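Hydrogens, waters and symmetry mates are skipped; everything else that's a heavy atom, side chains included, is used. Keep in mind the model is a prediction, meaning the values are calculated, not measured.
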Amino acid sequence: MFDDIIQRISWLFIEQSTGIYISDFLIILFACALIVLVPGYVLYVKKSVPYKRIVLIYFTMVFACIMLLFTIFRREPGSKSERIYTHLNLGFSRSAIYSENQIIYCIFNILLFVPWGIILSLYRKREFFFRIVIMTSLTGFLSSFFIEILQRITRTGSFEVTDIIMNILGTTVGATLGYILIVILKRERKIK
């Protein structure tokens with residue numbers, strides 16, 4: 001049973017990452033370095049921007065590109081239907097689990113947006129917990145909505161409300177983890 005679930009998760013992960021290569025990640029890292037780190041270094045030398053801010057912007061841009069790679073760029077334009085799914089499909093029915101694949105897809109959507117929530121929350125390190133979580137979750141919603149609209153327009157995926165809700169959940173979890181990270185870093189600085 002457990003081996004069956006692991007095998008299914010592996011198969012679905014391979015399916016979702018088909019068309020993505022190591023070279024894609026290297027191109028993203030290199031292009032973002034040229035766009036962010038090179039000008040950022042000049043600004044850092046002039047003492048106008050702290051290096052931590054430059055690194056955070058770099059990671060934000062890298063992860064945004066990775067999210068677009070997984071959700072849009074790896075797929076052939078026009079390969080999916082133009083359907084809009086407005087119902088919430090978590091893979092459960094009233095009587096029993098009927099779609100293990102859908103449950104795994106929901107988990108993948110959550111996991112994709114957890115790092116996004118962590119990164120976005122680090123921009124709000126001077127705010128209190130609820131504001132960090134709410135504003136980061138709102139940004140996660142806007143990001144997810146933008147991706148779903150792009151998938152609909154380019155026909156690289158279907159517009160699904162379930163994906164948006166799972167992505168918001170992932171962003172919220174990431175924002176909470178980001179807040180914990182902020183608290184740990186603040187305490188560590190006070191100790192020094």
Side-chain angles (χ1 to χ4, degrees), residues 2-38 40 54-85 89-91 99-123 136-137 139-175 177-178 181:
F2 185 72
D3 291 338
D4 232 14
I5 293 171
I6 296 297
Q7 186 176 12
R8 184 175 295 217
I9 290 170
S10 300
W11 180 78
L12 290 174
F13 181 76
I14 290 169
E15 175 193 71
Q16 290 300 308
S17 58
T18 300
I20 298 175
Y21 304 100
I22 298 291
S23 60
D24 296 331
F25 292 108
L26 294 175
I27 290 169
I28 288 172
L29 292 172
F30 184 70
C32 290
L34 287 175
I35 294 169
V36 176
L37 294 181
V38 173
I54 296 166
V55 171
L56 185 57
I57 292 170
Y58 173 73
F59 281 116
T60 303
M61 193 167 181
V62 166
F63 196 74
C65 290
I66 288 172
M67 283 194 323
L68 290 174
L69 180 65
F70 271 96
T71 58
I72 307 270
F73 297 134
R74 73 176 178 86
R75 300 173 180 164
E76 189 70 33
S79 63
K80 302 284 184 174
S81 70
E82 294 184 23
R83 299 193 59 161
I84 297 176
Y85 297 98
N89 182 2
L90 302 177
S99 176
E100 291 175 357
N101 287 358
Q102 185 60 32
I103 294 170
I104 295 168
Y105 287 137
C106 288
I107 292 169
F108 284 168
N109 274 311
I110 292 169
L111 292 177
L112 179 65
F113 271 71
V114 168
W116 188 238
I118 292 171
I119 290 170
L120 293 176
S121 67
L122 294 177
Y123 283 100
T136 303
S137 298
T139 307
F141 163 74
L142 293 173
S143 305
S144 179
F145 189 76
F146 175 73
I147 288 171
E148 294 296 321
I149 291 290
L150 272 178
Q151 285 181 336
R152 170 86 163 88
I153 290 170
T154 61
R155 292 179 53 205
T156 55
S158 301
F159 185 99
E160 296 183 51
V161 172
T162 304
D163 288 354
I164 293 173
I165 292 172
M166 293 301 106
N167 294 343
I168 293 169
L169 181 60
T171 308
T172 304
V173 169
L177 294 174
L181 179 65

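In this structure, Phe59 and Cys32 have side chains that are not in contact, with every pair of non-hydrogen atoms separated by 4.5 Å or more. With a 4.5 Å cut-off on side-chain heavy atoms, Ile84 and Ser158 do not count as touching. Contact of the Trp116 side chain with the Thr60 side chain is registered, since non-hydrogen atoms from C-beta on lie closer than 4.5 Å. The shortest distance between side-chain heavy atoms of Phe113 and Ile118 does not fall below 4.5 Å. The shortest distance between side-chain heavy atoms of Tyr58 and Leu29 falls below 4.5 Å. In this structure the side chain of Phe25 reaches within 4.5 angstrom of the side chain of Ile20, judged on heavy atoms.
Of all the heavy atoms in Ile28 and Cys65, the pair that sits closest is CG2-CB, 3.7 Å. The heavy-atom pair separating Thr156 from Glu76 by the smallest distance is CG2-O, 3.9 Å. Looking at every heavy atom in both residues, Glu148 comes nearest to Glu160 through OE1-N, 3.0 Å. Between Tyr123 and Ile57 the shortest heavy-atom distance is OH-CA, 3.4 Å. In terms of heavy atoms, Gly40 sits closest to Ile54 at O-CD1, 2.8 Å.
Distance check, rounded to the nearest 0.5 Å: CD1 of Ile149 to OG of Ser144 gives 10.0 Å. If you take CD1 on Ile107 and CD1 on Ile9, they are separated by 6.5 Å, rounding to the nearest 0.5 Å. Here Ile72 contributes atom CD1 and Ile153 contributes atom CD1; the two are 9.0 Å apart, rounded to the nearest 0.5 Å. Between the CG atom of Asp24 and the CD1 atom of Ile66 there is a distance of 10.5 Å, given to the nearest 0.5 Å. Atom CD1 of residue Ile104 and atom CG of residue Asn109 lie 12.5 Å apart, to the nearest 0.5 angstrom. Rounding to the nearest 0.5 Å places CD of Gln102 at 6.0 Å from OG1 of Thr162.
Taking the six-membered ring for Trp and thresholds of 30 and 60 degrees, Phe108 and Phe13 have ring planes more than 60 degrees apart, a perpendicular arrangement. Taking the six-membered ring where the residue is Trp, Phe159 and Phe145 present perpendicular rings, their angle passing 60° and hence far from 30°.
A donor-acceptor pair is defined here as one N or O able to donate and one able to accept, closer than 3.5 Å; such a pair exists between the side chain of Ser121 and the backbone of Gly117. Under the 3.5 Å distance criterion, the side-chain polar atoms of Gln151 are matched with a main-chain donor or acceptor of Thr71. Thr18 contributes a side-chain N or O that, together with a main-chain N or O of Ile14, makes up a donor-acceptor pair within less than 3.5 Å. In terms of modelled atom types and a separation under 3.5 Å, the side chain of Tyr85 and the main chain of Asp163 share no donor-acceptor contact.
Taking Ile110 as the reference, Val114, Met166, Leu169 meet the side-chain contact (heavy atoms from CB on, under 4.5 Å) condition, with sequence neighbours excluded. Applying the side-chain hydrogen bond (donor to acceptor under 3.5 Å, both in side chains) rule to Asn101 yields the partners Arg8; only residues at least two apart in sequence or on another chain are considered.
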### Task
Run the numbers on Phe63 and Met67 for side chain to side chain contact (heavy atoms under 4.5 Å, CB included), then give the verdict.
CA-CA 6 Å; Phe63 196 74; Met67 283 194 323; 3.5 Å; yes

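Under a cut-off of 6.0 angstrom, the local environment of CD1 in Ile22 is sparse, with at most 12 non-hydrogen atoms contributed by other residues, nucleotides or ligands. The local environment of CD in Glu15 is crowded, with over 12 non-hydrogen atoms from other residues, nucleotides or ligands closer than 6.0 Å.
Between Ser137 and the options Thr172, Thr171, Asn167, a side-chain hydrogen bond (donor to acceptor under 3.5 Å, both in side chains) holds for only Thr172.
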